[in-house]
Structure formats: C-alpha cells, structure tokens
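Step one of this worksheet: look at the structure below.
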Amino acid sequence: MRTLFFMVVSIALTVSALSQNTNETPKALDEVLPVRGLSIGVPSPENVDGFVRFIDEELAPARFNLLVLLVDWNYAYETHPELAGKLTRADVKKIVAVCRKHGIEIVPQINLLGHQSWAKNTGKFLTVFPQFDETPHLKTEEAFTGFEWYDPDFFYCKSYCPLHPDVHQVIFDVMDELTEAFETDWFHAGMDEVTIIGDAHCPRCSGRDPAELFAGEVRTIHTHLAQQGKRMMIWGDRLLDGKTTGFHPSESSMNNTHRAIDMIPKDVFICDWHYGHAHQSPVYFAMKGFDVAACPWNNANVAAQQLDDMLRSRERATRELKPHFQGVILTVWTGWNAFRDEYYNSDKNETGAGTLKMLIEEYK
C-alpha cells in the first residue's frame, strides 16, 4: 500500500513542481487524497488548550484538512440552555482559530435520530424533551441486554420521533448555533445505528416505511442546511443492506432503511465506517452519486487497506466517478482524554491513536 501511495504522491509532486515553474499553485496531496480527516469528541473546557496544541503540532504538520467534532450536548447552548454543556463559545473560538490558521475545515456533529440513549442511560435530549421519544414504553435501564445485533427485537439505543411536530425547531436551533459558533458551512448529523424507527407503538410512525422515515429525516435536515448554503454529512451504515452484503448489523441496515439511498439528495457527504474489514462500499456510494470517505478506527491494518482502496479508486475511476472518492476520515470513540493518553504514552497499534500515527506517516 505504501509503495502505491508514495508512487502516486511522487508523480503528483513532480507535476506540482512543474506547476510552480509556471506560477501555478501546487496541489499535490489534495489531488491525490482530497479529504484527510479526524473525527473525535470535543474536549472538556480544561483540556481545550491541549487539544489546540495537538491540532497545531500533530494534525497540521501531517496535512490533515478536516476535523469532525462530536459536540452533542457538551456546548453551552444559548438557544436551549436546558440542553447546555460546559464548552463555551470562547473555548470553541480557540479551536476555530488554530484550524483556520492551518486551513482545516471543522464539521460539528450532533447525533440525530438515533443514539438518544446509551447502555442504561437515556441521553440529555430525550431526558429534557421526553415527548420526542419514539419508544417511551421502552425503559432504557431495563431493556438494554447487550450487543445482540441479530435479535430482531434487540433494543440498542433510543431514537427520537422524526414526525413529532415540535422536534425540528429544537434541532434547528442548536444546529444553527453550532455552525455559527464554529464558523463553518458543514454539519454532521450522525444518524448511524438507527435500530428503532417506525415503531409499532408510535402514534405517528407506526406502519410507515422505515426507508421513507429515514430519508424524510435526512431531507428535512438537509433542506434546512441547504437554505443557508451549508452541507450535510451523515454516517453511511443505514444506507447499506445488511441482508444482501453480509455486513455486520451494526454497520448496515437490517430494518430496510437501506432503500433510503435512492430517496436523499446526492450532495449529502457519506462517512462510510467499517472497523474490522475494508469493505468495498465506498464504490457503491460513489456509483450512487455520493461523495464518500472511508472511515477506519482502531485497526491500523484495516485502515491501511481502506487508504489503499481509496487511492486505487481515485486512480482507476472514470472522470465522472473520481471526484466522489474523497478520502479517509479516522474515527475515534474513546474521548479526547483517553485518546491523548494513547497517542502520547502508548505504543499499542490496535487503537485509534495507533491508526492515526500510521496515517500521519503516510501523509507526510
């Protein structure tokens, strides 16, 4: 994989050097791999300065150019203080400043639709607004039984009801506040691992097509962002047919939402996450007309294969398909503190930090 990467970069650098001789701006790495990203949770206020140094000293020299920040309810929202966390506007501006300095695009994220509970705890959104719960009859502390993905009655985490008449005004308020605070035209809506949708007990969603419900929620959020000239990202797992592909049910749909792929706008950016295998689903998304990034995590060998596949796809694709193969976004799910300790104090390879170190070496 490295031989291919360096060969392609070497050719691009040669072209770049020639362009410098004709007063053109070199674009070598951006042409080879347009998106080189990291997705991670926002730090707590006391750790913002360390996070800023990490961006300045580690990500920027390795030419990362995109940072997806899972914010959720950790920001001090003014539009809905009942949902507010501790990260202040001043904290955010420190992150904005270092990213602007290095040309790194910020994409704030809130987990929308699914992931409204975790383990035995209901999340803040449904705790504050219980009327938005798709399944109020399911009690999180009683129903969670483990990762039994193949059980059709498996209760993993709650969703909000996408058809509740009041839910989107709250969502739009916090979305708008985040994109303004982070000074960005991007927003990541999450929408992964939605195992509850169209529940039979919901007076609004019962009996409806899960694909239509999922696509409808994507379109609703997309329309709001598009009206402001902003672009939407989502995770891609709900758009993949788990029954046909054999992908693990956590990273593909077993409840028929996959048909939504033909019902949503083509300018939605797909973050295609797979952690145990380098599946070829980026090709599927590209052929459906979507921009896509491969998203690894804590297996550097799999991440290397995903990078290799993305480079090969860009090298071999038709003129029409090539722009859709955008690059790689490393995902980290251990939180900033744990990730920082792994990155600076551990030599373990099978971690998000180990994968990042591999990617840094490749990009340099």
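If you're wondering where the values come from, they're calculated on a predicted model, not measured in any experiment.
Considering only residues two or more places apart in sequence or on other chains, D176 meets the side chain to side chain contact (heavy atoms under 4.5 Å, CB included) condition with H224, Q228. Residues forming a side chain to side chain contact (heavy atoms under 4.5 Å, CB included) with D192 (at least two apart in sequence, or on another chain): N111, H115, W235, D237, W273. Listed by chain and number, the residues in a salt bridge (charged side-chain N to carboxylate O under 4.0 Å, His left out) with K288 are D262 (sequence neighbours excluded). Under the side chain to side chain donor-acceptor pair (under 3.5 Å) criterion, Y160 pairs with E217, sequence neighbours left out. Contacts of E177 classified as side chain to side chain contact (heavy atoms under 4.5 Å, CB included), with partners at least two apart in sequence or in another chain: Y75, Y77, E78, T79. With sequence neighbours excluded, the residues satisfying side chain to side chain contact (heavy atoms under 4.5 Å, CB included) with P265 are R219, H222, D267, V268.
Counting only residues at least two apart or in different chains, side chain to side chain donor-acceptor pair (under 3.5 Å) contacts with residues 341-354 comprise E58-Y343. Sequence neighbours left out, the pairs with a member in residues 156-173 that pass salt bridge (Lys or Arg N to Asp or Glu O under 4.0 Å) are D133-K158. Residue pairs satisfying the ring pair (Phe, Tyr, Trp, His ring centres under 6.0 Å) criterion with at least one member in residues 249-270, sequence neighbours excluded, are listed as follows: W186-F269.
There is a side-chain donor-acceptor pair under 3.5 Å between H274 and S281. Inspection of the T331 and Y275 side chains reveals an N or O donor paired with an N or O acceptor under 3.5 Å. A donor-acceptor pair shorter than 3.5 Å can be found between the side chains of D309 and Q280. In summary, the side chains of E193 and S250 do not present any donor paired with an acceptor at a separation below 3.5 Å, with no hydrogens or angles considered.
Under the 4.5 Å side-chain heavy-atom criterion for grouping Ile, Leu, Val, Met, Phe, Trp and Tyr, L67 is connected to V48 within one hydrophobic cluster. Hydrophobic clustering (ILVMFWY, side-chain heavy atoms < 4.5 Å, transitive): M287 and I234 are in one cluster. Linking ILVMFWY side-chain heavy atoms closer than 4.5 Å, directly or via other members, places I270 and I221 in a single hydrophobic cluster. Neither L70 nor I106 shares a network with the other; the hydrophobic side chains, linked directly or stepwise wherever heavy atoms of I, L, V, M, F, W or Y lie under 4.5 Å apart, form separate groups for each. Hydrophobic clustering of Ile, Leu, Val, Met, Phe, Trp and Tyr side chains at less than 4.5 Å, counting indirect connections, unites F172 with V71.
Using modelled atom types, no side-chain atom of T334 and backbone atom of A338 make a donor-acceptor pair closer than 3.5 Å. When atom types are taken as modelled, the side chain of R314 and the backbone of V32 share a donor-acceptor pair closer than 3.5 angstrom. When atom types are taken as modelled, the side chain of Q227 and the backbone of L225 share no donor-acceptor pair closer than 3.5 angstrom. Of the possible polar contacts, none joining the R63 side chain to the A60 backbone as a donor-acceptor pair under 3.5 Å is found. In this structure, T257 contributes its side chain and S253 its backbone to no donor-acceptor pair below 3.5 Å. Distance alone, capped at 3.5 Å, places no donor-acceptor pair between the T140 side chain and the K120 backbone.
Across all non-hydrogen atoms, the minimal contact from L83 to F125 is CD2-CA, 4.0 Å. Nearest approach of M358 to A303, heavy atoms of both residues: CE-CB, 3.7 Å. Residues N256 and A211 share a closest heavy-atom pair of O-CB, 3.4 Å. Minimum interatomic distance between G352 and L330 (heavy atoms only, all atoms of both residues): O-CD2, 3.7 Å. Listed here is the closest heavy atom pair of T122 and S117: CA-CB, 3.8 Å. In this structure, P108 and L178 approach most closely via the heavy-atom pair CB-CD1, 4.1 Å.
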Show me the donor-acceptor pairs, under 3.5 Å and distance only, between side chains in residues 317-328 and residues at least two apart or in other chains.
residue : atom : partner : partner atom : Å
T318    : OG1  : L321    : N            : 3.2
H324    : ND1  : D291    : OD1          : 2.9
Q326    : NE2  : P323    : O            : 2.6

Show every donor-acceptor pair shorter than 3.5 Å between a side-chain atom in residues 293-300 and any protein atom, with sequence neighbours excluded, or say none if there are none.
residue : atom : partner : partner atom : Å
N299    : OD1  : N301    : N            : 3.1
N299    : OD1  : V302    : N            : 3.1

Which side-chain N or O atoms in residues 87-97 pair as donor and acceptor under 3.5 Å with protein atoms at least two apart or in another chain?
residue : atom : partner : partner atom : Å
T88     : OG1  : A90     : N            : 3.4
T88     : OG1  : D91     : N            : 3.1
T88     : OG1  : D91     : OD2          : 3.0
R89     : NH1  : E180    : OE1          : 2.9
R89     : NH2  : E180    : OE1          : 3.3
R89     : NH2  : E180    : OE2          : 2.8
D91     : OD2  : T88     : N            : 3.0
K93     : NZ   : A181    : O            : 2.7
K93     : NZ   : E183    : OE2          : 2.7
K94     : NZ   : D49     : OD1          : 3.1

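Counting only heavy atoms from C-beta outward, the side chains of I261 and F290 approach each other to under 4.5 Å. Side-chain contact between I264 and F214 is absent, with no heavy atoms from C-beta onward closer than 4.5 Å. Within the 4.5 Å cutoff, no side-chain heavy atoms of Y284 are placed close to those of D272. Within the 4.5 Å cutoff, no side-chain heavy atoms of I197 are placed close to those of D199. Residues R238 and M191 fail the side-chain proximity criterion, which asks for heavy atoms closer than 4.5 Å. Proximity of V68 to I40: side-chain heavy atoms (C-beta onward) are nowhere separated by under 4.5 Å. Using a 4.5 Å heavy-atom threshold, the side chains of T135 and C202 count as separate. Between V170 and H80, the closest side-chain pair of non-hydrogen atoms falls below 4.5 Å.
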Derivation of the ring-ring contact (aromatic ring centres under 6.0 Å, His included) call for F339 and W333: CA-CA 8 Å; F339 177 78; W333 301 109; over 10 Å; no

Derivation and outcome, side-chain contact (heavy atoms from CB on, under 4.5 Å), residues V98 and I104: CA-CA 8 Å; V98 71; I104 298 173; over 6 Å; no

Candidate pair Y363 and L59, rule side-chain contact (heavy atoms from CB on, under 4.5 Å), full reasoning: CA-CA 10 Å; Y363 297 162; L59 294 186; over 6 Å; no

Criterion side-chain contact (heavy atoms from CB on, under 4.5 Å) on K230 and F187, from CA distance to verdict: CA-CA 7 Å; K230 296 180 172 64; F187 179 78; 6.0 Å; no

C161 and C205: CA distance, side-chain angles, deciding distance, side-chain contact (heavy atoms from CB on, under 4.5 Å) verdict: CA-CA 8 Å; C161 173; C205 298; 3.5 Å; yes

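Using a cut-off of 4.0 Å between Lys/Arg side-chain N and Asp/Glu carboxylate O, D56 and K101 are scored as salt-bridged. Between D209 and R259 a salt bridge is recorded (basic side-chain N to carboxylate O distance below 4.0 Å).
For R208, the CZ atom sits in a loose shell: 12 or fewer heavy atoms of surrounding residues, nucleotides or ligands are nearer than 6.0 Å.
A distance of 7.5 Å separates CG of N74 from NZ of K124, quoted to the nearest 0.5 Å.
In this structure, F247 and H279 have parallel ring planes: the angle between them is below the 30° cut-off, well short of the 60° mark.
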